[in-house]
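Step one of this worksheet: look at the structure below.
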Amino acid sequence: MSLVDFIKRYLSSSYNRKVKSWNKKGAIFFVKFDFVITLTQIFLPLALITAVYILGDWRWVVFTAPFFGWVMEYFLSLKYQIYKDIELYGTIDGFDTYWLVIFLAFVGVMTAGGILIFLKEIGYFTVY
């Protein structure tokens, strides 16, 4: 299974969960919103490193993290058309795929926390 198929399975599983309580337009909006937030959490360590070493201040992560999530979602939607026919895409192993992506987002957040602890230990910033 390719990465694009994996992402489409995740989006299809998320869409099928949300279409029960929202209509099609509402469900696709929340699927896109959920996917951007998930990508933001997965790429949080990269955003933190970019904020610290390129922009010079760890507080810039407030802007870089959502930016990386939005850019990755935009790239995937343009290049691979990940939202095309997600209601028709198969939902085999959708539950496992959904929780694996949630786990990847959790690992991203925990890695970013580890980077913050490391930066505090080396004296990069002081916490009041």
Side-chain angles (χ1 to χ4, degrees):
M1 174 170 34
S2 70
L3 183 62
V4 176
D5 289 335
F6 180 77
I7 290 171
K8 283 188 177 183
R9 283 181 194 247
Y10 167 71
L11 292 174
S12 177
S13 173
S14 180
Y15 177 81
N16 289 332
R17 289 173 189 262
K18 290 173 179 57
V19 79
K20 294 175 185 172
S21 58
W22 300 91
N23 58 8
K24 285 187 175 186
K25 287 184 180 180
I28 198 69
F29 171 76
F30 283 110
V31 166
K32 287 181 180 182
F33 185 72
D34 180 39
F35 191 52
V36 168
I37 289 175
T38 304
L39 285 174
T40 298
Q41 292 171 343
I42 290 172
F43 288 104
L44 189 61
L46 179 65
L48 184 61
I49 290 171
T50 302
V52 169
Y53 290 111
I54 295 176
L55 299 174
D57 192 5
W58 68 275
R59 292 179 198 103
W60 282 99
V61 78
V62 174
F63 300 108
T64 57
F67 178 74
F68 280 149
W70 176 77
V71 166
M72 285 304 297
E73 186 268 338
Y74 188 71
F75 171 75
L76 290 170
S77 65
L78 284 181
K79 177 133 174 97
Y80 298 108
Q81 298 177 353
I82 56 174
Y83 298 116
K84 182 180 179 184
D85 299 330
I86 63 168
E87 64 269 1
L88 302 176
Y89 203 80
T91 59
I92 301 169
D93 296 328
F95 185 76
D96 297 338
T97 304
Y98 185 78
W99 286 107
L100 182 62
V101 171
I102 298 299
F103 177 72
L104 288 175
F106 177 74
V107 167
V109 170
M110 295 308 291
T111 305
I115 292 171
L116 281 175
I117 291 171
F118 173 74
L119 289 173
K120 182 185 177 298
E121 291 296 322
I122 64 171
Y124 180 76
F125 58 90
T126 57
V127 178
Y128 299 106

Flag side-chain contact, heavy atom, 4.5 Å: Ile82 against Tyr10: no
Under 3.5 Å, which donor-acceptor pairs do the side chains of residues 22-31 form with other protein atoms, sequence neighbours left out?
| from | atom 1 | to | atom 2 | distance (Å) |
| --- | --- | --- | --- | --- |
| Asn23 | OD1 | Gly26 | N | 2.8 |

Shortest non-hydrogen contact between Pro45 and Ala112, atoms and distance: CG-N, 3.9 Å
Spatial distance of atom CE (Met72) from atom CG (Leu46) [nearest 0.5 Å]: 10.0 Å
Residues forming a side chain to side chain contact (heavy atoms under 4.5 Å, CB included) with Ser2, sequence neighbours excluded: Val4, Asp5
Interatomic spacing from CG in Leu104 to CH2 in Trp99 - rounded to 0.5 Å: 13.0 Å
Side-chain (Ser12) to main-chain (Lys8) donor-acceptor, under 3.5 angstrom: no
Single-linkage hydrophobic cluster, 4.5 Å side-chain cutoff, Met110 and Leu119 together: no
Minimal non-hydrogen separation, Val61 against Ala51, with atom names: N-CB, 3.6 Å
Hydrophobic cluster identity match, Phe106 and Ile42, side-chain contacts under 4.5 Å: no
Residues forming a side chain to side chain contact (heavy atoms under 4.5 Å, CB included) with Val62, sequence neighbours excluded: none
Greater than 12 external heavy atoms within 6.0 Å of Phe6's CZ: yes
Residue pairs involving residues 51-62 (criterion side-chain hydrogen bond (donor to acceptor under 3.5 Å, both in side chains); sequence neighbours excluded): Asp57-Arg59
Shortest non-hydrogen contact between Gly108 and Leu44, atoms and distance: O-CB, 4.4 Å
All pairs passing side-chain hydrogen bond (donor to acceptor under 3.5 Å, both in side chains) where residues 67-82 contributes a residue, at least two apart: Glu73-Tyr83
Nearest-0.5 Å distance, OG1 of residue Thr64 to CG of residue Leu48: 7.5 Å
Nonpolar side-chain network containing Val36, other nodes, edges under 4.5 Å: none
hydrophobic_cluster_shared for Phe43 and Ile37, side chain cutoff 4.5 Å: no
ILVMFWY network linking Phe33 to Phe68, side-chain heavy atoms under 4.5 angstrom: no
ILVMFWY network linking Leu39 to Leu3, side-chain heavy atoms under 4.5 angstrom: yes
Side-chain H-bond candidate by donor/acceptor type, Asn16 with Tyr98, under 3.5 Å: no
Heavy-atom side-chain proximity of Leu55 to Phe63 below 4.5 angstrom: no
Check: Ser14 and Asp34 side chains under 4.5 Å, non-hydrogen atoms: yes
